[in-house]
A.B. asks: 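Sharing a structure, written as structure tokens. Questions coming.
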Amino acid sequence: MGILERIKEIEAEMARTQKNKATEYHLGQLKAKIAKLRTQLLEPPKGASAGGEGFEVTKFGHGRVALIGFPSVGKSTLLTMLTGTHSEAASYEFTTLTCIPGIINYNDTKIQLLDLPGIIEGASEGKGRGRQVIAVAKSSDLVLMVLDASKSEGHRQILTRELEAVGLRLNKRPPQIYFKRKKTGGISFNSTAPLTHIDEKLCYQILHEYKIHNAEVLFREDATVDDLIDVIEGNRKYIKCVYVYNKIDVVGIDDVDNLARQPNSLVISCNLELNLDRLLARMWEEMGLVRVYTKPQGQQPDFGDPVVLSTDRGGCTVEDFCNHIHRSLLKDVKYVLVWGTSARHYPQHCGLGHGLQDEDVVQIVKKKEKEEGGRGRFKSHTNAPDRISDRVKKAPLKT
């Protein structure tokens with residue numbers, strides 16, 4: 001029996017199992033088995049060559065955004081309108097067959113936008129080259145899920161389910177669970193918050209399903225079984241997602257209002273060029289890019305080319321700013337002067353742990369090289385001989 005058949009069999013068993021207190025341990029074991037099988041499904045077959053046609057393109061710019069959606073929902077048209085890069089668009093499905101990159105110049109930054117081929121139901125199992133498409137989405141900082149406003153709401157659930165099946169967690173944060181494997185000592189189970197979805201026995205059964213008999217587990221929040229499985233697997237990607245409903249010009253105003261009020265949703269029309277400026281602003285807001293301008297000592301700030309930081313790519317502290325300029329700069333920094341919204345007064349003397357905010361101005365003050373022996377009357381050495389008897393005596397004055 002293949003992996004897909006085993007997954008479907010376990011899903012069918014979970015569907016006919018009643019959910020109650022007596023069956024929660026059995027359901028937890030079944031969820032762990034499905035997670036293991038899906039991880040095996042994503043692994044390349046043994047003995048297969050590493051080569052193969054993929055959609056991966058070189059990272060460029062300060063952020064990466066991926067367009068994901070069903071065929072013929074307007075992804076290629078959106079890419080052309082936002083970046084100016086031509087992507088073929090037609091009235092038939094699967095017009096785009098490979099990954100087409102484009103660059104958005106917004107707020108002095110460059111954001112890479114990727115137009116991916118349309119995916120269909122069953123993409124997580126490899127249908128329609130879905131695995132390559134989802135693999136590119138994993139390397140993105142933000143996912144724009146483009147949906148057709150005139151179609152049913154089920155498309156959103158289908159795409160979300162396909163992405164979660166391969167380890168993508170949309171608009172979620174990593175669970176507050178500490179997990180560490182050990183060589184000996186058995187399983188140590190602790191929690192700092194009351195647990196309502198899982199207990200010690202169920203945790204032991206899930207760990208034994210993964211053949212883990214020595215580990216340390218600490219729950220810092222009321223987590224679920226799925227959260228524990230995600231932490232054990234360790235290959236989950238937590239990424240932000242914005243649901244973009246296109247073609248709002250063909251539906252009524254009431255439907256547009258209902259779609260716009262849904263969480264993490266935005267309505268646009270590529271045909272009439274409606275709300276595209278709000279889409280760019282939403283992308284900027286979700287990615288959390290921070291522009292930092294440099295100021296040379298004794299000169300005006302350079303507002304032409306900012307240093308762009310982000311929490312997902314390294315961090316937004318002064319230390320990250322110095323590392324972004326050059327790795328060797330950190331050891332020479334004495335302190336920094338900061339102007340902007342992150343400073344309490346202008347300028348503020350800050351250390352390496354200070355968090356920077358958008359459009360801050362930073363001046364780095366380096367340590368001065370110490371002169372050997374001091375200067376002036378504070379010299380610690382002299383060229384004169386140590387012993388008085390060795391000094392050269394002055395000639396006596398002529399009288």
Side-chain angles (χ1 to χ4, degrees), residues 2-12 14-15 30-44 52-56 64-76 78 93-99 114-149 151-172 174 224-227 229-230 233-246 259 262-266 286:
I3 296 178
L4 292 177
E5 288 77 10
R6 291 166 63 189
I7 291 177
K8 291 180 180 178
E9 183 181 352
I10 296 175
E11 287 178 345
M14 290 177 62
L30 294 179
K31 288 180 179 179
K33 288 181 180 179
I34 285 184
K36 285 179 59 179
L37 291 174
R38 282 179 175 159
T39 303
Q40 295 176 12
L41 193 64
L42 296 176
E43 294 175 353
E53 185 179 357
F55 295 140
E56 186 58 63
R64 170 181 275 194
V65 180
L67 296 174
I68 285 185
F70 280 98
S72 296
V73 293
K75 299 187 297 295
S76 300
L78 183 61
E93 296 184 348
F94 295 105
T95 310
T96 304
L97 299 177
T98 185
C99 178
L114 302 180
D115 178 22
L116 299 173
I119 61 177
I120 57 177
E121 189 173 2
S124 59
E125 302 170 359
K127 293 183 181 179
R129 303 194 69 182
R131 289 188 194 173
Q132 291 94 326
V133 175
I134 297 174
V136 176
K138 276 191 172 183
S139 65
S140 304
D141 302 311
L142 177 67
V143 169
L144 292 184
M145 188 179 292
V146 185
L147 302 165
D148 193 339
K151 299 293 180 63
S152 65
E153 184 62 23
H155 286 189
R156 176 170 171 169
Q157 280 78 21
I158 292 173
L159 289 175
T160 303
R161 186 168 62 249
E162 294 296 331
L163 294 177
E164 290 194 347
V166 295
L168 273 175
R169 298 293 178 262
L170 304 179
N171 297 322
K172 294 181 180 178
T224 61
V225 175
D226 296 324
D227 295 334
I229 293 174
D230 289 347
E233 287 284 349
N235 58 356
R236 305 303 191 230
K237 178 68 184 288
Y238 297 87
I239 191 169
K240 295 180 181 178
C241 176
V242 177
Y243 302 96
V244 181
Y245 288 92
N246 190 21
L259 293 175
Q262 293 185 9
N264 304 311
S265 299
L266 197 70
E286 293 291 340

A.B. asks: Roughly how far, to the nearest 0.5 Å, is the CZ atom of R236 from the CG atom of L168?
C.D. replies: 10.0 Å
A.B. asks: Check side-chain contact (heavy atoms from CB on, under 4.5 Å) between E11 and all other residues, then give those that pass, not counting sequence neighbours.
C.D. replies: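 Result, side-chain contact (heavy atoms from CB on, under 4.5 Å) vs E11: I7, I34, R38.
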A.B. asks: Would you call Y243 and L159 a side-chain contact if the rule is heavy atoms closer than 4.5 Å?
C.D. replies: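 No, too far: nothing below the 4.5 Å cut-off.
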A.B. asks: Measure the spacing between CD of E286 and CG of L266 and express it to the nearest 0.5 Å.
C.D. replies: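 E286 CD to L266 CG: 10.0 Å, rounded to 0.5 Å.
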A.B. asks: Any side-chain heavy-atom pair from L67 and L116 closer than 4.5 angstrom?
C.D. replies: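 No, side chains not in contact.
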A.B. asks: Rounded to the nearest 0.5 Å, what separates atom CD in E9 from atom CG in L30?
C.D. replies: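 Nearest 0.5 Å value for the CD-CG distance: 10.5 Å.
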A.B. asks: For residues V143 and V242, determine if any side-chain heavy atom of one lies less than 4.5 Å from a side-chain heavy atom of the other.
C.D. replies: no
A.B. asks: Check this for me: does any side-chain nitrogen of one of D141 and R64 sit under 4.0 Å from a carboxylate oxygen of the other?
C.D. replies: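 Here D141 does not pair with R64 in a salt bridge, since their nearest N and O are not under 4.0 Å apart.
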A.B. asks: Got M145 and L147 here, is their nearest side-chain heavy-atom distance under 4.5 Å?
C.D. replies: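 Of all side-chain heavy-atom pairs linking L147 with M145, at least one is under 4.5 Å.
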A.B. asks: In Å, rounded to the nearest 0.5 Å, how long is the span from OH of Y245 to CD of Q262?
C.D. replies: 4.0 Å
A.B. asks: Who passes salt bridge (charged side-chain N to carboxylate O under 4.0 Å, His left out) against K172, sequence neighbours left out?
C.D. replies: E164
A.B. asks: How long is the gap from NZ on K237 to OG on S140, to the nearest 0.5 Å?
C.D. replies: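 So the gap between those two atoms works out to 7.0 Å.
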A.B. asks: Do you know the tightest heavy-atom contact between A35 and I229?
C.D. replies: CB-CG2, 3.4 Å
A.B. asks: Testing the basics here: between N246 and G74, what is the closest heavy-atom pair and its distance to 0.1 Å?
C.D. replies: ND2-CA, 3.7 Å
A.B. asks: Any idea which heavy atoms bring C241 and L142 closest together, and the distance?
C.D. replies: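 Distance-wise, the nearest heavy atoms are N-CD1, 4.1 Å.
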